Amino acid sequence: MLHLKNFFTLSITILLTSIVCSCSSSDDIDPDVFFKGNVDASFLSELSRGESSITLELKGSYIFTMDYATFGTSEQEWERADNIQLDGQIFAEKITIHQGRTLDLLVIPPVSGNYIEDCISTLWYNYCQKTKFDKEIFVECRFDFNANDKKLTLDNREFEVEKADNNEIILSVISPEYRTDENKERVPVSMTKAIIVLSKTTFEEPDSENILTFETRKEALTTMIKMAHQEFGDTLHIAPTMLFPHDITYDIAQIEYYLLNDIPCKTQEDREKLCWYTSY
């Protein structure tokens, strides 16, 4: 069921590495030390309990890396890596924490290229065009803070808190980077540490009249496909355009069935059950 709540948004999402800032004129910064500061546990706990609200703006992200073999040893040493790309590490330009929650803007199709979600994306676009539906879709995310280990969950990901007060929050996340070896197996080759600096900005009131929120991504996608199914029926035929000169038919009922039953779409046969060209 659709439901509106008084939460705000994680606005325009961007890759962590799309903002590369110069935190010092020197490249030999130790991120384990340089970004450390006081962590106001009471402030973060109040946000987590929904007793206070704040809007934060992404001021910068800093990427460091080291060889996997030296991580955790006396030889470990972080190096700046301004141009590294972190797979799947996505953050927001601005985030409002309100009532102990944030909202994550639903973007489809995802980077992973899920074929079912790709189909839903096209169907949803056509649904919005036909019905003039213009509300944005968001997935609710808990803002949880653990004072014992100074970690918080933001946008459904866990971060280490380096520094936090009413004006600034600095977070970090460490993750391995992989490559495929000669045996076609993924092996870790390095460790990457990302630092995220968030600064307090003008609080933005939630606009519950212009958004739809859901508890999970699947709940959002399920509602979207059901709305398209109700509007278009079992199938949708899209006529050719100047940019794409082929007719294509989407089996909305079959796409909904695959989604609701968590059936993966991995083969060409599966894809042809969900949509197909009807002329060339």
Side-chain angles (χ1 to χ4, degrees), residues 1-13 88 90 92 96 98-99 101-142 155-156 204-280:
M1 183 171 67
L2 301 180
H3 51 288
L4 297 177
K5 297 187 179 180
N6 292 323
F7 305 132
F8 193 60
T9 75
L10 286 175
S11 64
I12 307 172
T13 55
I90 298 176
T96 293
H98 184 60
Q99 296 182 348
R101 292 181 179 270
T102 64
L103 293 185
D104 192 1
L105 177 66
L106 181 69
V107 179
I108 54 174
V111 176
S112 61
N114 182 296
Y115 192 78
I116 295 173
E117 293 193 11
D118 186 38
C119 291
I120 295 174
S121 176
T122 301
L123 293 171
W124 185 246
Y125 171 80
N126 281 271
Y127 174 86
C128 293
Q129 289 291 306
K130 181 179 179 181
T131 65
K132 308 302 181 184
F133 185 91
D134 60 358
K135 292 184 179 181
E136 292 185 304
I137 308 294
F138 294 89
V139 179
E140 297 178 334
C141 302
R142 280 289 309 161
D155 190 18
N156 285 330
E204 299 185 4
E205 288 289 342
D207 184 7
S208 60
E209 296 301 316
N210 293 309
I211 64 174
L212 295 181
T213 66
F214 299 88
E215 295 290 340
T216 65
R217 183 182 184 88
K218 183 175 180 179
E219 181 188 357
L221 292 169
T222 298
T223 301
M224 293 162 72
I225 191 66
K226 285 183 178 296
M227 290 170 69
H229 196 169
Q230 183 175 8
E231 180 66 30
F232 298 121
D234 287 347
T235 60
L236 173 65
H237 172 77
I238 300 177
T241 65
M242 291 286 291
L243 296 176
F244 191 77
H246 303 302
D247 290 12
I248 187 169
T249 298
Y250 287 85
D251 190 326
I252 301 177
Q254 190 76 347
I255 295 169
E256 183 177 355
Y257 177 79
Y258 268 55
L259 176 68
L260 293 178
N261 292 280
D262 295 316
I263 301 173
C265 180
K266 296 182 178 181
T267 68
Q268 184 63 30
E269 183 180 359
D270 286 327
R271 295 185 180 96
E272 290 175 354
K273 289 179 181 178
L274 303 185
C275 73
W276 58 89
Y277 297 124
T278 52
S279 67
Y280 293 90

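Basis for what follows: all heavy atoms, side chains included, without hydrogens, waters or symmetry-related copies. Computed from a predicted model, the values in this text were never measured in an experiment.
- The nearest pair of heavy atoms linking Leu106 to Arg217 is CD1-NH1, 3.2 Å.
- Between Ile238 and the choices Ile248, Leu123, Asp247, the side chain to side chain contact (heavy atoms under 4.5 Å, CB included) rule is met once, by Ile248.
- Around atom CD of Gln268, more than 12 heavy atoms belonging to other residues, nucleotides or ligands sit under 6.0 Å away.
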(message) Go through it in stages, so that I can follow the logic: the residues are Leu221 and Trp124, the test is side chain to side chain contact (heavy atoms under 4.5 Å, CB included), and I'd like the CA-CA distance, side-chain angles, deciding distance and then a yes or no.
(response) CA-CA 10 Å; Leu221 292 169; Trp124 185 246; over 6 Å; no
(request) Would you check, one step at a time, whether the test side-chain hydrogen bond (donor to acceptor under 3.5 Å, both in side chains) holds for Ser121 with Asp118? (result) CA-CA 5 Å; Ser121 176; Asp118 186 38; 5.3 Å; no
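- The minimum heavy-atom distance between Leu274 and Cys119, with the atom names listed, is CB-SG, 4.4 Å.
- Looking only at side-chain heavy atoms (C-beta outward), Asp234 and His229 come within less than 4.5 Å of each other.
- Residues Asn126 and Tyr250 bring no donor and acceptor atom of their side chains to less than 3.5 Å of each other.
- Here the OH atom belonging to Tyr115 is positioned 10.0 Å from the CG atom belonging to Asp270, to the nearest 0.5 angstrom.
- Between Lys226 and Leu260 there is a side-chain heavy-atom pair separated by less than 4.5 Å.
- Aromatic ring pairs are classed by plane angle as parallel below 30°, tilted from 30° to 60° and perpendicular above 60°; the pair Tyr127 and Phe232 is perpendicular.
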(request) Please report the C-alpha distance between Met227 and Glu231 in whole Å, then the side-chain angles of each, then the deciding distance to 0.1 Å, and finally whether the side chain to side chain contact (heavy atoms under 4.5 Å, CB included) criterion is met. (result) CA-CA 6 Å; Met227 290 170 69; Glu231 180 66 30; over 6 Å; no
